[in-house]
Visitor: 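Submitted below is the structure of interest, expressed as C-alpha cells.
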Amino acid sequence: MSESQRWDAVDAYFATHLAPDDEALEAALRDSEAAGLPPIAVTAAQGKLLELLAQIQGARRILEVGTLGGYSTIRMARALPADGRLISLEYSPRHAEVAARNIARAGLDKVVEIRVGAALDSLPRLADENPAPFDLVFIDADKENNPHYVEWALKLTRAGSLIIVDNVVRGGRVADPADTDPDVIGTRTAIELLGSHPRLTATAIQTVGAKGYDGFALARVTS
C-alpha cells in the first residue's frame, strides 16, 4: 500500500465511524460531480470538524467565503440554531446554482443565503449592511486573496469569533520562499498576517488524507 493509499484508507475509516455522509450530503457531492464542479470540497472528516467547531463556538451567524457545491455549507449550517444564519459568498453563478439546490434538498434554504459575485465585491456590500458580528468565518476560495479575506473577516467579527482558512499548506510549498505562485504567496501572506495581527491568536495544522497533503489555519479574534 502506497502512502497516499494509506491516507485514503484512514480517512475512509474515520468517515465511516465518525463522520458518515447522510443522503443529503451524498447527493450534494454526487450532483456537484455531475455538474462538473471541481472535486475540491472538504472531506467528510473535515466537514464534521467544521460542524463541531461551529457547535463548540455556539455559532448563531456564520460567514463562508467560497460555496462550491454547498457541502461544507450544509455541514456548518446544521450546527446553527433554528434562528441562525449562514451567508456564503460564491464567485461562480453555476456553482451557486448547484449549491442552492443541494442546500434546499438538505432543508437549509431558510438558514443559508448564497450571494453571487466576487467576494471582494460582496464583502464591502455586506459590511455596509452593518450586520451583527459573525461567530465563525470559513475562508475557502481563491488563495491569492486570502489576506484580503482575513482582513474583511476581522471587520465582520467580534472578540471570541473564529476564523478558519483552508488549504494553507499547498503541498508544503507555503514554506518555500522561492515559490512565487500567487496562491502560495497569498496563503503565506495570510499566515503571516494571522501571526502578527494584534487582534488575533492563531495556529495552523498540517493534514494528510483523501485530499493529499494540506492543512488549515485556525484563528481566534481576541479583541
Side-chain angles (χ1 to χ4, degrees), residues 14-32 35 37 41-93 95-117 119 122-141 149 152-166 216 218-222:
F14 286 157
T16 297
H17 292 281
L18 302 174
D21 283 337
D22 58 22
E23 183 177 343
L25 290 167
E26 289 176 351
L29 293 174
R30 184 175 60 248
D31 286 7
S32 296
L37 273 61
V42 300
T43 65
Q46 292 165 346
K48 184 65 175 291
L49 174 62
L50 292 172
E51 187 176 345
L52 286 171
L53 286 171
Q55 290 172 339
I56 292 166
Q57 183 71 356
R60 302 183 68 84
R61 291 177 54 80
I62 296 173
L63 174 63
E64 179 179 46
V65 183
T67 317
L68 194 62
Y71 180 88
S72 57
T73 318
I74 293 169
R75 282 285 192 180
M76 290 187 291
R78 286 178 170 176
L80 290 170
D83 61 347
R85 191 70 172 161
L86 190 156
I87 296 177
S88 189
L89 310 180
E90 173 54 47
Y91 176 78
S92 166
H95 293 182
E97 178 185 348
V98 173
R101 290 199 302 267
N102 290 334
I103 290 162
R105 184 195 295 115
L108 294 165
D109 48 317
K110 299 220 172 14
V111 176
V112 175
E113 176 188 356
I114 301 173
R115 300 191 179 190
V116 181
S122 298
L123 286 163
R125 288 195 290 267
L126 177 59
D128 286 344
E129 297 170 16
N130 195 27
F134 290 95
D135 305 300
L136 187 151
V137 179
F138 178 50
I139 299 170
D140 189 13
Y149 298 146
W152 275 108
L154 276 165
K155 295 176 184 178
L156 293 164
T157 51
R158 55 169 176 81
S161 295
L162 293 182
I163 301 172
I164 305 163
V165 185
D166 202 11
F216 63 93
L218 176 66
R220 184 175 186 269
V221 182
T222 58

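Along the sequence shown, the residues carry numbers beginning at 1.
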Visitor: Give me the atom names and distance for the closest heavy-atom approach of Ile163 to Ala153.
Guide: CD1-CB, 3.7 Å

Visitor: Are the side chains of Arg115 and Ile87 in touch, meaning some heavy atoms are under 4.5 Å apart?
Guide: yes

Visitor: Could you please spell out the steps behind the side-chain contact (heavy atoms from CB on, under 4.5 Å) verdict for Asp31 and Arg101?
Guide: CA-CA 9 Å; Asp31 286 7; Arg101 290 199 302 267; 5.5 Å; no

Visitor: Can you tell me how far apart NZ (Lys155) and CG (Leu126) are? Round to the nearest 0.5 Å.
Guide: 12.0 Å

Visitor: Write down the atom of Ser122, the atom of Leu89, and the distance for their closest heavy-atom approach.
Guide: CB-CD2, 4.0 Å

Visitor: What is the minimum heavy-atom distance between Ala96 and Val116, and which atoms define it?
Guide: CB-CG2, 3.5 Å

Visitor: Locate the shortest heavy-atom distance separating Pro93 from Tyr91; write the atom from each residue and the value.
Guide: CD-O, 3.4 Å

Visitor: Yes or no on salt bridge (charged side-chain N to carboxylate O under 4.0 Å, His left out) for Glu129 and Arg125, after CA distance, side-chain angles and deciding distance?
Guide: CA-CA 7 Å; Glu129 297 170 16; Arg125 288 195 290 267; over 6 Å; no

Visitor: Side-chain contact, heavy-atom cut-off 4.5 Å: Val42 with Asp140?
Guide: yes

Visitor: Using modelled atom types only, decide if a donor and an acceptor are shared between the side chain of Lys48 and the backbone of Leu18 within a distance under 3.5 Å.
Guide: yes

Visitor: When rounded to the nearest 0.5 angstrom, what is the spacing between CD1 in Ile74 and CG in Leu29?
Guide: 8.5 Å

Visitor: Working to the nearest 0.5 Å, report the span between CE of Met76 and CG of Leu50.
Guide: 5.5 Å

Visitor: Can you check whether Gly69's main-chain N or O pairs, donor with acceptor, with Glu90's side chain at less than 3.5 Å?
Guide: no

Visitor: Is it true that a side-chain atom of Asp135 and a backbone atom of Arg61 form a donor plus acceptor pair closer than 3.5 Å?
Guide: yes

Visitor: Looking at side-chain heavy atoms only, is the closest gap between Asp83 and Arg60 below 4.5 Å?
Guide: yes

Visitor: I need the minimum non-hydrogen distance between Ala15 and Ala44, along with the two atoms involved.
Guide: CB-CB, 3.9 Å

Visitor: After noting the C-alpha distance and the side-chain angles of Phe216 and Leu49, does the key distance pass the side-chain contact (heavy atoms from CB on, under 4.5 Å) rule?
Guide: CA-CA 11 Å; Phe216 63 93; Leu49 174 62; 3.8 Å; yes

Visitor: Taking only residues two or more places apart in sequence, or in another chain, which ones meet Ser161 in a side chain to side chain donor-acceptor pair (under 3.5 Å)?
Guide: none

Visitor: Calculate, to the nearest 0.5 Å, the distance between atoms CG and CD belonging to Leu162 and Gln57 respectively.
Guide: 4.0 Å

Visitor: Flag the pair Leu108 / Leu86 as yes when at least one side-chain heavy-atom distance between them is below 4.5 Å, and no otherwise.
Guide: no

Visitor: To the nearest 0.5 Å, what is the distance between CD1 (Ile164) and CD (Gln46)?
Guide: 11.5 Å

Visitor: I'd like to check Arg75 versus Leu25 (side-chain heavy atoms, cut-off strictly below 4.5 Å). Are they in contact?
Guide: yes

Visitor: Tell me, please, which residues at least two apart from Pro133 pass side-chain contact (heavy atoms from CB on, under 4.5 Å).
Guide: Arg158

Visitor: Check whether any side-chain heavy atom of Thr157 sits under 4.5 Å from a side-chain heavy atom of Leu63, and report yes or no.
Guide: no

Visitor: Measure the CG-CG distance between Asn130 and Leu156 for me, rounded to the nearest 0.5 Å.
Guide: 10.0 Å

Visitor: Walk me through it: do Ile62 and Leu80 pass the test side-chain contact (heavy atoms from CB on, under 4.5 Å)?
Guide: CA-CA 8 Å; Ile62 296 173; Leu80 290 170; 3.8 Å; yes

Visitor: Let me see the working for Thr73 and Ile114 under side-chain contact (heavy atoms from CB on, under 4.5 Å), right down to the final yes or no.
Guide: CA-CA 10 Å; Thr73 318; Ile114 301 173; 5.9 Å; no

Visitor: If we only count heavy atoms from C-beta on, is the Trp152 to Pro124 side-chain gap below 4.5 Å?
Guide: yes

Visitor: Is any side-chain heavy atom of Tyr71 closer than 4.5 Å to one of Ser32?
Guide: no

